[in-house]
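Structure, as structure tokens:
Along the sequence shown, the residues carry numbers beginning at 1. Note that the coordinates shown come from a computational prediction; the quantities given were computed from them, not determined experimentally.
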Amino acid sequence: MSSLLVDNIGELVTNGTGEGPLGIRRDAAVLVEEGRVVWVGPSAYAPAADRRLDAGGAAVLPGFVDSHAHLVFAGDRAAEFAARMAGEPYTGGGIRTTVGATRAATDDELRATVRRLRGEALRQGTTTMEIKSGYGLTVADEARSLRIAAESSTETTFLGAHVVPAEYADRPDDYVELVCGPMLAAAAPYAKWVDVFCERGAFDVDHARAILAAGQAAGLGVRIHANQLGPGPGVQLGVELDAASVDHCTHLSDADVDALAGTAHSDGSGTRTVATLLPGAEFSTRSPYPNARRLLDAGVTVALATDCNPGSSYTSSMPFCVALAVREMRMTPAEAVWAATAGGARALRRDDIGVLAPGARADLVVLDAPSYLHLAYRPGVPLIHQVMRNGVTP
């Protein structure tokens, strides 16, 4: 059994035992065996190991956990982005453009896009990435999207209810029946989660409830796109159905915040339903940013994710999202880093990632910086010096 010691860590973010909300340890070391963390402590007391990685006094933190991404697609929508920057509003309608390109693409073309973006994210410190379908919207295309996604992630999400495709524009009930029946049956073997875009111009609350309930009955966990474009019932539907995460949360009522806060664990460890905020979408659509401070002050667990997709947030960079969250959503640097690591893990209902503690997966990032603070302090600078996933440097 080979072991690896990562030592000479100036500042170690554990999200566990240590100083402050990030569980910081200084002059620390981490021992890794068979892809798992087996010891964390002072460098001076580190056990012997077969190999050594000298962090050079830099900061080390858990790998980022991106719990919301749409990587299976073809083409891009750069012209749509340019139009928005010239003043056109975002309505979500461009999704159908990507649907057409995705349906026309070969498996190898889709696979190449997923691998390119997943590699891009990994180089920027993302060691776990959820991947959704949602640009096929036929039985065959949704199934192949998830099959391809499953080659790159165990966190795969069936999003056949992204929008109603053009061929069903006048028959939304028929499309919901297709999603709940043959499409779900074909997609479920490759999916861990089910998701719905519950929004005006997409799926109303009754359709969303039917689709999510069908997914639950098929053994899938629940996620939901909610309250992005305006106020609506999505957040409260997510709470009703014990969703792991409600995503976007841009337009929330007091009742929405109360509903999320009402899912709090009795031990004070946060809420069972996580609010996943996607600041890359607001950046790319010039929309109002979510009020993270309001959620945090109410005791709601918050995650950050990229929403990587070709239309409304074409970024794979979690450090960029951390910087946006601090600058635009009034999160402290510590809150943003926790949300991008442990928060993302909570949104996936995982306790083996997003932390650096004995038993956790050995996913870690060495920064080219002395502190995690530099992720927000130096936006746009490539600070990810080294990435380890499952104890292996890619």
Do I384 and F64 come within less than 4.5 Å of each other through their side chains, counting heavy atoms only?
-> yes
Could you name each residue pair satisfying salt bridge (charged side-chain N to carboxylate O under 4.0 Å, His left out) that touches residues 264-284, not counting sequence neighbours?
->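 Listed by first then second residue: D242-R272.
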Yes or no on salt bridge (charged side-chain N to carboxylate O under 4.0 Å, His left out) for E11 and R25, after CA distance, side-chain angles and deciding distance?
-> CA-CA 6 Å; E11 177 186 273; R25 291 172 174 256; over 6 Å; no
Return the set of residues passing side chain to side chain donor-acceptor pair (under 3.5 Å) with D204 (not counting sequence neighbours), or none when no residue passes.
-> none
Can you sort out the partners of E177 under side chain to side chain donor-acceptor pair (under 3.5 Å), two or more places apart, ordered by chain and number?
->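 Applying side chain to side chain donor-acceptor pair (under 3.5 Å) to E177 gives none.
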Can you tell me which residue pairs pass the side chain to side chain donor-acceptor pair (under 3.5 Å) test with a partner in residues 320-333, sequence neighbours excluded?
->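 Of all non-adjacent pairs touching residues 320-333, those that pass side chain to side chain donor-acceptor pair (under 3.5 Å) are T332-E335.
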Applying ring pair (Phe, Tyr, Trp, His ring centres under 6.0 Å) to Y289 and not counting sequence neighbours gives none
Is it true that the side chains of H248 and N227 contain a donor and an acceptor less than 3.5 Å apart?
-> no
Which other residues end up in the same hydrophobic cluster as L12, if Ile, Leu, Val, Met, Phe, Trp and Tyr are linked when side-chain heavy atoms come under 4.5 Å apart?
-> L4, V6, I9, V30, V32, V37, V40, L53, V60, L356, L364, V366, M388
Checking side chain to side chain donor-acceptor pair (under 3.5 Å) for the pair Q124/S316: CA distance, chi angles, key distance, verdict?
-> CA-CA 8 Å; Q124 296 173 91; S316 57; 3.1 Å; yes
With a cut-off of under 6.0 Å to the ring centre and 45° to the axis, is R84 in cation-pi contact with F81?
->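 No, a cation-pi geometry is absent between R84 and F81.
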Go through E130 and K192 one step at a time and tell me if the salt bridge (charged side-chain N to carboxylate O under 4.0 Å, His left out) criterion holds.
-> CA-CA 10 Å; E130 181 258 19; K192 180 177 178 181; over 6 Å; no
